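Predicted model, so just to flag it, every value in this text is computed and none were measured.
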Amino acid sequence: SSLDLLGLSEEVKQEKDRLLENFMEFSASLAKILISYNYWADYCDPASGLPMIAEDGNVVFPEVACFERLRKYRTSSAGMHMKSMKNTYI
């Protein structure tokens, strides 16, 4: 997105909704393809952290902790959001 997604304007809210819809559509399509090839697949709702396909999934995916560990980025709190030390909002 070209917008600062930490903002609270109506334009930012609409952009977040658009990005969430794009992510959910892409993730559902990719998971469906992988499952059709007999691979396991699931994806998490970025808003809740809950898995979308697993019926018994009640554990929230800790995306910030995952981001820190896998990408080796340090993060700091930016209100309700985390900001990596490389200026990438997560």
Side-chain angles (χ1 to χ4, degrees):
S1 175
S2 61
L3 298 177
D4 176 2
L5 297 179
L6 292 178
L8 300 174
S9 70
E10 188 60 34
E11 183 182 26
V12 169
K13 289 178 185 177
Q14 289 176 0
E15 179 70 353
K16 287 180 182 180
D17 287 344
R18 184 187 71 79
L19 293 171
L20 178 60
E21 287 178 31
N22 286 349
F23 173 81
M24 297 298 277
E25 288 175 12
F26 170 79
S27 298
S29 296
L30 179 59
K32 185 177 180 180
I33 291 167
L34 291 171
I35 291 168
S36 75
Y37 284 99
N38 295 318
Y39 288 98
W40 175 88
D42 205 340
Y43 58 100
C44 293
D45 176 352
S48 69
L50 294 172
M52 297 303 298
I53 296 175
E55 293 180 13
D56 61 346
N58 61 356
V59 177
V60 174
F61 176 70
E63 75 279 357
V64 173
C66 182
F67 183 77
E68 288 176 316
R69 182 162 188 142
L70 294 176
R71 298 299 304 249
K72 310 248 187 285
Y73 286 171
R74 293 183 6 240
T75 60
S76 63
S77 178
M80 293 290 291
H81 304 276
M82 295 298 291
K83 181 180 178 184
S84 80
M85 302 312 272
K86 295 186 179 189
N87 293 324
T88 305
Y89 290 95
I90 55 175

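- For the residue pair Leu19 and Ser1, the shortest heavy atom distance occurs at CD1-CB, 3.8 Å.
- Residue pairs meeting the salt bridge (charged side-chain N to carboxylate O under 4.0 Å, His left out) criterion with at least one member in residues 18-39, sequence neighbours excluded: Glu15-Arg18.
- The local environment of CZ in Phe26 is sparse, with at most 12 non-hydrogen atoms from other residues, nucleotides or ligands closer than 6.0 Å.
- The CD atom of Glu11 sits 11.0 Å away from the CG atom of Asp4 when rounded to the nearest 0.5 Å.
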Under 3.5 Å donor-acceptor pairs involving side-chain atoms of residues 41-54, not counting sequence neighbours:
unit_1, atom_1, unit_2, atom_2, d
Asp42, OD1, Met52, N, 3.3
Asp42, OD1, Ile53, N, 2.8
Asp42, OD2, Ala54, N, 3.0
Asp45, OD1, Ala47, N, 2.8
Ser48, OG, Leu50, N, 3.1

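- More than 12 non-hydrogen atoms from other residues, nucleotides or ligands lie less than 6.0 angstrom from CD of Glu10.
- Residue Tyr37 is tested with Ile33, Leu34, Ile35 for a side-chain contact (heavy atoms from CB on, under 4.5 Å); the sole match is Ile33.
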